[in-house]
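Below is one structure; the comments refer to it alone.
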2 protein chains.
Amino acid sequence: MARTTDARSRMISSAIDLLRERGVNGVTVDAVLASSGAPRGSVYHHFPGGRSQLVLEAAESSAELMTTMIRSYADVDATTALQDFVALWKDVLVRSDFRAGCPVAALVNETSTDLSGSVDLAGQTFSTWVELLATTFADDRRTRAEAEDLALTVVATVEGAITMCRAQRSVRPLDVAVAQLTGLL
Amino acid sequence: MARTTDARSRMISSAIDLLRERGVNGVTVDAVLASSGAPRGSVYHHFPGGRSQLVLEAAESSAELMTTMIRSYADVDATTALQDFVALWKDVLVRSDFRAGCPVAALVNETSTDLSGSVDLAGQTFSTWVELLATTFADDRRTRAEAEDLALTVVATVEGAITMCRAQRSVRPLDVAVAQLTGLL
DNA sequence: GTCTATACGAAGATAGAC
DNA sequence: GTCTATCTTCGTATAGAC
């Protein structure tokens, strides 16, 4: 029955939104239920591990979404990939009125003992993004190692710029940063 | 009596550490008391506004600490300023075994309704840092506007790299990023 | 100024009916 | 699978003694 998995995926989707906007601690069971409309009685049916499982699955799911996007840049040139990557984040920021950020960064900034593994997940996710971007950046103008350093810098700068954009409620930091990064490509 | 303000400043100091390591929600009254050794009975004496006041004052205080450091770079050259700025953050990371990050970024990643003003504080703090760094970067080789764009990029990249360093428990992201940024100077 | 005790609310989790 | 209690824990805040 497709309906049963429906509630589950809606809960994950709501958890991702909450993770983006309010951080790990903002992903409460009540908030997920309210925002997803899922039946209260089925939370621990779908997530026997409770809130921890819900948060971790939401983080994994959102990380994979972004990973898939980055993977799709494999065949475009470096500048286009950078601009697409940034455009994606600008969309997240603007559509949420600067309330939403990166769910992976949220895992790092808010450490709690009951969510061990969340930091590792963030670390691995960043590695994956860097590897994939490096593949896109690699060409005859630079070595693989140079492409990786460049990719790491792009991820770092974009992540930091997202935080600044949220704080200042403006896309300017991201716009300025991408212009500077383009100079490095 | 210097002793009376002692408990207060110790509480602020503990709150800053907690803000760095566990985020806004990690700054609980109990944790601050445990870590500062301050007497329980005097929390609401020193902070009538309760936890919210404690968190905001801690954030302001830590932001000012970093602002003071950046201001001291006014007379050095751009490359030295960048390296000192990064060295400062590496110290925070390594000494905490990668558990601590930027308290200002923590304000942004974890939004809660009872702490309105925290996002604005973060936005203003980032602006201040960019302005000060831009003053250091400004010289005869570039305009003030160019210096500001450069400074904004430095802050963004360093902030993002800090997040990546914490996630991967390594200073490598910061090292790589600063090498790339040096190319922009 | 600082103590202990306690009220209050929020949130996670479980139990048992349907 | 989903419902409605209910239990428990935790964290903020207050009260009143010292």
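In what follows, chains carry the letters A, B, and so on, assigned in the order in which the sequence lines appear, proteins first and then strands, with residues in each chain numbered from 1.
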Rounded to the nearest angstrom, tell me the gap between atom NE2 in A:H46 and atom P in D:dC3.
-> 10 Å
A:M11 CE to D:dG1 P: how many Å, rounded?
-> 12 Å
How many Å lie between CG on A:D6 and P on D:dT2, as a whole number?
-> 10 Å
Under 4.5 Å between any side-chain heavy atoms of B:W129 and B:M69, yes or no?
-> no
Whole Å only: how far is the CG atom of B:L54 from the P atom of D:dA13?
-> 10 Å
What is the distance from CZ of A:F47 to P of C:dG12, rounded to the nearest Å?
-> 14 Å
Where along residues 23-37 of chain B does a heavy atom fall under 4.0 Å from DNA chain D?
-> B:V27, B:T28, B:V29, B:D30
side-chain N/O A:S42 vs D:dG1 OP1/OP2, d < 4.0 Å | no
Of the listed C:dA13, D:dA13, D:dC3, the closest approach to the B:Y44 side chain comes from D:dA13
Will you find, in the side chains of B:D30 and B:T28, an N or O donor that is under 3.5 Å from an N or O acceptor?
-> no
What is the distance, rounded to the nearest whole Å, between atom CZ of B:R40 and atom P of C:dT2?
-> 14 Å
Identify, with sequence neighbours excluded, every residue that meets side-chain hydrogen bond (donor to acceptor under 3.5 Å, both in side chains) alongside B:E159.
-> none
Report yes if some heavy atom in the side chain of A:L93 is under 4.5 Å from a heavy atom in the side chain of A:R99; otherwise report no.
-> no
Non-hydrogen side-chain atoms of B:V92 and B:L88 separated by less than 4.5 Å = no
With the threshold set at 4.0 Å, does a side-chain nitrogen-carboxylate oxygen contact exist between B:E131 and B:R71?
-> no
Interatomic distance, B:H45 NE2 vs D:dA17 P [rounded to whole Å] | 20 Å
